[in-house]
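A short write-up of the structure that comes next.
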Amino acid sequence: MKMIRMFNTAPREHGFYMPGEFEPHSRCWMLWPQRPDNWRNQAGPAKEAFSAVARAIARFEPVVMGVSRQEFETAEKFLSLVSNITLVEMEADDAWMRDVGPTFIKNRQGEVRAVDWGFNAWGGLNGGLYFPWDRDERIARTVMELSRIDGYKAPLILEGGSIHVDGEGTLLTTEQCLLHPNRNPSLSRDEIESLLKDYLGVDTVIWLGQGVYGDETDGHVDNLCCFTRPGEVLLHWTDDPADPQYEISLDALKRLSRARDAKGRPLTVHKLHQPGPLFMSEEESNSLENHNPGMIREKGARLAASYVNFYMANGGIVMPVFDDPRDETALALVQSIFPDRNIFPVKAREILLGGGNIHCITQQQP
């Protein structure tokens, strides 16, 4: 692998910024699941689901899948016949590329660099999901080296799922996550916002409150709300006032309705009704090995299911569905918002059981 250059200054000083996910990609990065305390039945069903996601994205753009040495032969059986998917050896603690991988940035000339954030497994020793996480901590640098892309080491614990940008200077995040004391306890809100502006090239940060109810990432914004294009967002919603998600989404709607983006525009908000609610079954819980106390995988646990957690590929949307009565309505709404893209549904309950979904397991490279 090429020795890459890590700059000591912030990306903004060099004219770099994070583009919107709806802009063109050169490839998508993923990681292969294998952790038996998070993926049931020795991760067999998860491997099927991750493969389905990878094959769907490969219809639109190249996919690079990081796979551990011990799983390489298995992954080849699932994916080797797909010409647009490349397998590379990569050791990780789990399979959430959005959160452990780098955030790619570019300048107006089209040069691409990347940001390597700090990672502590969603909370470190104060509510984190597992220990150790040292292999996950190295993933971003490994991806940068494989891509031969220079970059920056940010002085901030941050997961990629906790941010969404419009590519024109505006960033969405949640207070629940970025201001949580188990991420950056020594930094104030203003200091965190300043670092976001310096490392992602944004001018305006729109702070939402909480994320999706029960989301063990401490409220990642990518499960709750995303930019579909500059000036427009899609919001996870429920019409049921008795549902604990209702007040969370209503508060987000109020904040979004008051907000102005970096260009001074009000935001158009599209409501995307949640599935379910969905819950973990007894069989699903019992098919895990060595239950990890950091991860709630018990019968009856509510799953943080969201249709917003999709991936915007080149010309397509790879979107989770759950064999739920609301699937078709959700697909139709997303198609109306992205009329020029092919909406490709993937059955994603097995990914949801592990604590996230399609957006969480992918990372786009401009």
Side-chain angles (χ1 to χ4, degrees), residues 21 38 96 98-99 121-123 127-129 158-164 171-180 182-183 206-228 233-256 267 269-280 284 294-298 300-312 317-322 324-327 329-331 333-334 346 348-362:
E21 188 174 325
N38 195 37
W96 305 106
R98 176 70 50 180
D99 291 348
W122 308 273
L129 301 189
L158 184 140
E159 305 95 37
S162 69
I163 54 173
H164 244 296
L171 179 143
L172 285 171
T173 191
T174 67
E175 296 167 344
Q176 182 187 2
C177 184
L178 260 61
L179 303 185
H180 200 292
N182 66 12
R183 298 303 205 280
I206 299 174
W207 291 90
L208 303 182
Q210 293 179 270
V212 171
Y213 179 77
D215 188 340
E216 63 190 9
T217 65
D218 299 315
H220 274 185
V221 79
D222 71 345
N223 220 25
L224 176 74
C225 187
C226 69
F227 282 105
T228 58
V233 298
L234 192 57
L235 175 64
H236 179 77
W237 186 258
T238 177
D239 290 324
D240 181 5
D243 192 295
Q245 181 60 39
Y246 182 81
E247 290 297 333
I248 296 172
S249 291
L250 182 60
D251 177 68
L253 177 62
K254 291 176 180 177
R255 295 184 189 219
L256 291 165
L267 299 174
V269 181
H270 304 279
K271 298 175 185 176
L272 183 54
H273 203 289
Q274 67 182 10
L278 306 179
F279 302 89
M280 182 168 283
E284 288 165 342
M295 300 183 286
I296 299 174
R297 302 288 183 267
E298 299 168 353
R302 177 160 168 166
L303 304 171
S306 171
Y307 294 115
V308 176
N309 205 301
F310 55 72
Y311 180 78
M312 302 180 210
I317 302 290
V318 180
M319 181 171 165
V321 291
F322 308 98
D324 186 88
R326 294 192 183 272
D327 286 353
T329 302
L331 289 167
L333 176 61
V334 173
V346 175
R349 182 178 176 93
E350 292 297 337
I351 308 171
L352 176 61
L353 291 172
N357 224 290
I358 291 173
H359 194 257
C360 306
I361 65 171
T362 54

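Only heavy atoms go into these numbers, but all of them, side chains included; no hydrogens, no water, no symmetry mates.
Using a distance-only test at 3.5 Å, with no hydrogens or angles considered, a donor-acceptor pair links the side chain of Asn223 to the main chain of Ala304. Put simply, the side chain of Asn309 never gets that close to the backbone of Pro320: no donor and acceptor are under 3.5 Å apart. Distance alone, capped at 3.5 Å, is enough to place a donor-acceptor pair between the Arg255 side chain and the Trp207 backbone. When atom types are taken as modelled, the side chain of His180 and the backbone of Asn182 share a donor-acceptor pair closer than 3.5 angstrom. No donor-acceptor distance shorter than 3.5 angstrom exists from the side chain of Ser306 to the backbone of Leu224, with no hydrogens or angles considered. Not one N or O on the side chain of Gln210 forms a donor-acceptor pair closer than 3.5 Å with the backbone of Gln176. One N or O on the side chain of Tyr307 and one on the backbone of Asp327 form a donor-acceptor pair closer than 3.5 Å. Distance alone, capped at 3.5 Å, places no donor-acceptor pair between the Thr362 side chain and the Tyr311 backbone.
Here the CH2-CE distance, from Trp122 to Met295, works out to 9.0 Å after rounding to the nearest 0.5 Å.
Aromatic ring pairs are classed by plane angle as parallel below 30°, tilted from 30° to 60° and perpendicular above 60°; the pair His164 and His359 is parallel.
Remark: Arg302 engages Asp243 in a salt bridge, criterion side-chain N to carboxylate O under 4.0 Å.
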Could you go through the side-chain contact (heavy atoms from CB on, under 4.5 Å) check for Tyr246 and Asp240 one step at a time? CA-CA 6 Å; Tyr246 182 81; Asp240 181 5; 5.8 Å; no

